[in-house]
Amino acid sequence: MIAIASVTKTFDSGKGRRHLALADISLDIAAGEFVSILGPSGCGKSTLLYIVGGFIPPSTGAVLVKGARVSGPSPDRGPVFQEFALFPWKTVLGNVMYGLERQGVRRAQATARARELIAMVHLGGYESFYPKELSGGMKQRVAIARTLAYGPSILLMDEPFGSLDAHTRTRLQNDLLEIWERDRKTVMFVTHSVEEAVFLSDRIVMMSRSPGRVKDVIAIDLPRPRSRADLLLDRRFQDYVVNIERLMEEPAPEPRR
Ligand SMILES: Nc1ncnc2c1ncn2[C@@H]1O[C@H](COP(=O)(O)OP(=O)(O)OP(=O)(O)O)[C@@H](O)[C@H]1O
Ligand SMILES: [Mg+2]
């Protein structure tokens, strides 16, 4: 589904200074796979997601989606980024319908579909609320519903639950998994939480400190559907979390030249 082929990214930081943010990233992601990306702050996780989303171009290398080279954003690759705020002047329903209407879906149909999605993220009853009347977790749910409305086959999620309290975060993780189990979208999910990554993912890509490289790819062989309560008691889950946390503490090996 997604082929990231020898992608590098160099940013021009002015006055002739250049910063190598991503060094030779190669990664293949299968259709329906849930892949998380873990790595220290500044290692290029967001940059990688923006490149896959087509929001910024790679300096060298390419990203192929379904065999076609990514050259810009597409509704088939839905971003859930914290900085992509909701429209404050639109209600919950209006925010979720926006994408459907832009795709030319008729109003009655768009309303029905948007209501379905709002129910799916457990916000039924809040259709006429404005973003400022919602909590952080509720806004994040609206953002997810709005992205799902486009019907993307790929979800690009950049720390979507990072700013939420632990309880809300757990609920949204469960909701996301439920949605994912239902229609098996391909997900790239950036997080700083090892537990969150293990709970959600089929594979975890560990990146090394700047310039970002793929340090390790770990398959998470835990049964699905997953329940957080069961997993917390599961020895295999605990082992994954502890081992990955240890790996993250290890300094990256010096790159060979
Ligand atoms: N537009 C830009 N111009 C210049 N440098 C940039 C730009 N965007 C990112 N960088 C640099 O690229 C590197 C990677 O940034 P990025 O935001 O991808 O890291 P990250 O892994 O997402 O970090 P965090 O975990 O803190 O979100 C950083 O050193 C950053 O300073
Ligand atoms: Mg980031």
Side-chain angles (χ1 to χ4, degrees), residues 2 4-27 29 34-63 65 70-73 77-86 136-137 139-140 143-144 147 154-166 169 172-173 176 186-201 203-218 241 244-255:
I2 305 173
I4 300 169
S6 306
V7 162
T8 67
K9 182 70 188 178
T10 309
F11 285 110
D12 238 321
S13 23
K15 292 187 185 157
R17 282 192 306 137
R18 294 162 70 74
H19 174 72
L20 181 63
L22 290 175
D24 198 21
I25 303 278
S26 291
L27 181 68
I29 298 175
F34 198 123
V35 173
S36 287
I37 299 168
L38 277 174
S41 185
C43 74
K45 304 179 294 295
S46 297
T47 302
L48 182 61
L49 230 55
Y50 291 143
I51 291 173
V52 174
F55 300 104
I56 57 174
S59 300
T60 63
V63 175
V65 169
V70 168
S71 58
R77 282 169 271 127
V80 184
F81 298 159
Q82 270 175 353
E83 59 269 42
F84 282 21
L86 301 172
K139 276 186 257 196
Q140 204 56 39
I144 292 171
T147 298
I154 296 171
L155 287 179
L156 303 172
M157 308 185 84
D158 193 3
E159 301 189 54
F161 309 148
S163 64
L164 305 175
D165 66 273
R169 186 172 188 148
L172 283 189
Q173 288 169 355
L176 176 62
T186 308
V187 184
M188 282 181 83
F189 187 98
V190 170
T191 178
H192 276 108
S193 161
V194 174
E195 245 193 55
E196 179 169 76
V198 175
F199 175 51
L200 296 172
S201 311
R203 279 191 301 159
I204 297 178
V205 175
M206 298 188 56
M207 286 177 61
S208 62
R209 200 166 294 285
S210 178
R213 289 188 168 79
V214 174
K215 184 164 115 177
D216 249 311
V217 180
I218 296 152
V241 172
I244 291 169
E245 274 175 357
R246 281 204 189 113
L247 275 174
M248 288 187 61
E249 281 158 18
E250 275 173 22
E254 282 299 306

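Just follow the structure's listing: the first ligand is 1, and inside any ligand the first atom is 1.
Using modelled atom types, one finds a donor on one side chain and an acceptor on the other under 3.5 Å when comparing S46 with D158. Side-chain contact, E159 with T191: no donor N or O sits under 3.5 Å from an acceptor N or O. Of the N and O atoms on the side chains of T8 and T60, at least one donor lies less than 3.5 Å from an acceptor on the other residue.
Closest heavy-atom approach to atom 14 (C) of ligand 1 within the set S46, G42, P211, G162: this belongs to G42.
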| request: Could you please spell out the steps behind the side chain to side chain contact (heavy atoms under 4.5 Å, CB included) verdict for M157 and T147? | output: CA-CA 10 Å; M157 308 185 84; T147 298; over 6 Å; no

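Checked against a 3.5 angstrom limit, the closest N/O atoms of S41 and ligand 1 fall inside it.
At distances below 3.5 Å, not a single donor-acceptor pair connects side-chain atoms of S26 with backbone N or O atoms of A5.
Among protein heavy atoms, the minimum distance from atom 15 (O) of ligand 1 is reached at T47 OG1, 3.7 Å. Protein heavy atom at the shortest distance from atom 25 (O) of ligand 1 is K45 NZ, 2.7 Å. The nearest protein atom to atom 3 (N) of ligand 1, hydrogens excluded, is given as F11 CD2, 3.5 Å; this is a heavy-atom distance.
Not a single protein heavy atom sits closer than 4.0 Å to atom 31 (O) of ligand 1.
Among all heavy-atom pairs drawn from S59 and T10, the shortest one is OG-N, 2.8 Å. Here the closest non-hydrogen pair linking G137 and L172 is O-CD1, 3.8 Å.
Near A21, meaning under 4.0 Å from any of its heavy atoms, are these atoms of ligand 1: 12 (O), 13 (C). Within ligand 1, counting atoms from 1 as listed, the ones closer than 4.0 Å to a heavy atom of H192 are 25 (O). Within ligand 1, the atoms closer than 4.0 Å to a non-hydrogen atom of G44 are 14 (C), 16 (P), 18 (O), 19 (O), 20 (P), 21 (O), numbered from 1 in the order shown. Heavy-atom contacts of E159 reach the following atoms of ligand 1: 25 (O), 27 (O) (cutoff under 4.0 Å).
Contact check for M207 versus K215: no side-chain heavy atoms found under the 4.5 Å cut-off.
Once rounded to the nearest 0.5 Å, the distance linking CG of L27 with CD1 of I37 reads 7.0 Å.
Contacts of H19 with ligand 1, taken as heavy-atom pairs under 4.0 Å, involve the side chain alone.
The aromatic rings of F189 and F34 lie tilted to each other, with the angle between the two planes from 30° to 60°.
Between L38 and the choices I244, V190, V205, the side chain to side chain contact (heavy atoms under 4.5 Å, CB included) rule is met once, by I244.
With waters left out, the protein N, O or S atoms under 2.8 Å from the Mg ion (ligand 2) add up to 1.
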